[in-house]
2 protein chains.
Amino acid sequence: MNTTDSIKGAPLPSIRRLPQYLQLLRQMQTKGRIAVSCTHLADDLGFTSTQVRKDLAVTGIIGKPKVGYITEELIASIENFLGWNNYSDAFLVGVGNMGNALLGYDDFRLHGLNIVAAFDANPEKIGKNVHNCEIFALDKMYELAERMHIQIGILTVPAAAAQSVASEMVLAGIRAIWNFSPIALEVPDSIIVENVRLYSSLAVLTSRLANTNK
Amino acid sequence: MNTTDSIKGAPLPSIRRLPQYLQLLRQMQTKGRIAVSCTHLADDLGFTSTQVRKDLAVTGIIGKPKVGYITEELIASIENFLGWNNYSDAFLVGVGNMGNALLGYDDFRLHGLNIVAAFDANPEKIGKNVHNCEIFALDKMYELAERMHIQIGILTVPAAAAQSVASEMVLAGIRAIWNFSPIALEVPDSIIVENVRLYSSLAVLTSRLANTNK
DNA sequence: TAGATTGTTAATCGATTAACAATC
DNA sequence: TAGATTGTTAATCGATTAACAATC
């Protein structure tokens, strides 16, 4: 068992559920709730209480029998595990429909992310500001990412450009790519790639519809 | 085993991979490729060939030993299974950042979806056209969805409005909701809900980054 | 104390992978 | 025919759920 294996200890499905707990807990905290039990969280989200307990344990939190978890502690524990206690600077490449939308999300900073600059190949977009973020020429990305030690790249270019931009990100020292293109990127093993596949999601929806209509 | 169970026969992970095969196959077809083997598809996407075979079998396709699958047949089989041979009309509610982006996607029709109208609560947006789609007042949604027998609703409203709009969609006869809000919607069991959880995806990315930096 | 809740071990379930016979 | 490929059964792996002891 090497280091990478042991880090992977947390099941991916658990990690995916953590933001849901976090959102609920933040709401509860503003309502002044001091402690919360697994049963309560489970009921609100439609999970089983055992699953909630397993998920939360991933973050290292320790609860109190008969009481539950201290809301504040649990929030901190989840945020810490996800790296959302601080935020990391990120570059966004490709200011099309999706890129534009993401630049407008103003609560990424509550989710560990801070988009500091955007890039596009279209000369007409360069120099403009979108949602308070300046758009630079694509060929400036390499230099700036290297200089600013950017670790996260958000890839929202058309499919045809995805692989070449991804490769450039890797060369510039970017270590994690949030990929919104439908392309299976080829990058070194050390690079973290997380794909957002809208069409996979749509496929689940339409196939269910198609197969219940019969 | 009832009807619902037998329909659910296809594993969800397989369904999620089908659009990836489809995209690749469509590319191959334009390049004039008549037949394709599992091994080839597997290599291109980084899967095992057994997995590809199992996934494709879900759609009912039958291959030819020594040859593989006829590209055209396989494309048709996947499209048919996903319900992407035709497209269904859909309403989009909430023309904010994400709503705007989705209205701009012009290849949804290749993926079974046709957005025919958009709705928003903001009076300033009403009557305008976004990407050739007219924006109506939110309170017109119910009547129009019922009248046009709309089956699919795309939910891109802010979190606070998500549940109430979803409930209204259900009352209007909408049978499947593509939910982009981070809310766990409460709807009858018969309604199909497919959630796009951006923050789940981001959590996987940042947690990996946080846990490899240590 | 009694009862609610956590933490953990064991059992179940489902998806992936391996092995191999059937086929053209 | 020989070899590549499919289709299918069995083995493995990982996540979820059930059961229950420990705890305040």
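Quick note on labels: first sequence line is chain A, next is B, and so on, each numbered from 1.
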Per [X] side chain, nearest of listed nucleotides [options]:
X        : options                   : result
Lys66(B) : dC24(C), dA15(D), dT23(D) : dC24(C)
Tyr69(B) : dT16(D), dT6(C), dT6(D)   : dT6(D)
Ile62(A) : dT8(D), dG7(C), dT16(C)   : dG7(C)

### Query
What pair of heavy atoms forms the shortest contact from Leu103(B) to Ala118(B), and how long is it?
CD1-CB, 4.1 Å

### Between dT17(C) (P) and Arg53(B) (CZ): distance, integer Å
13 Å

### Task
Rounded off to whole Å, could you give me the CZ-to-P distance for the Phe47(A) and dA18(D) pair?
16 Å

### Task
To the nearest 0.5 Å, tell me how far Phe180(B) CZ sits from Ser201(A) OG.
6.5 Å

### Met98(B) CE to Leu198(B) CG distance, which is reported to the nearest 0.5 Å
5.0 Å

### Query
Heavy atom of residues 26-45 of chain B under 4.0 Å from DNA chain D: which residues?
Ser37(B), Cys38(B)

### Query
Looking across every strand, which nucleic acid part, if any, lies under 4.0 Å from Thr48(A) by heavy atom: base, sugar-phosphate, or nothing?
sugar-phosphate

### Task
Please evaluate the base of dT6(C) for a donor-acceptor partner in the side chain of Lys54(A) within a cut-off of under 3.5 Å?
no

### Carboxylate-amine/guanidinium proximity below 4.0 Å for Arg33(A) and Glu72(A)
no

### Task
Salt-bridge test for Glu194(A) and Arg16(A): reply yes if a basic N is under 4.0 Å from a carboxylate O, no otherwise.
yes

#### Entry: Watson-Crick/G-U partner (both atom distances under 3.5 Å) of dT16(C)
dA11(D)

### Task
Under a 3.5 Å limit for both distances, which nucleotide forms a Watson-Crick or G-U wobble pair with dA21(C), could you say?
dT6(D)

### Query
Are any non-hydrogen side-chain atoms of Asp89(A) and Ile152(A) less than 4.5 angstrom apart?
no

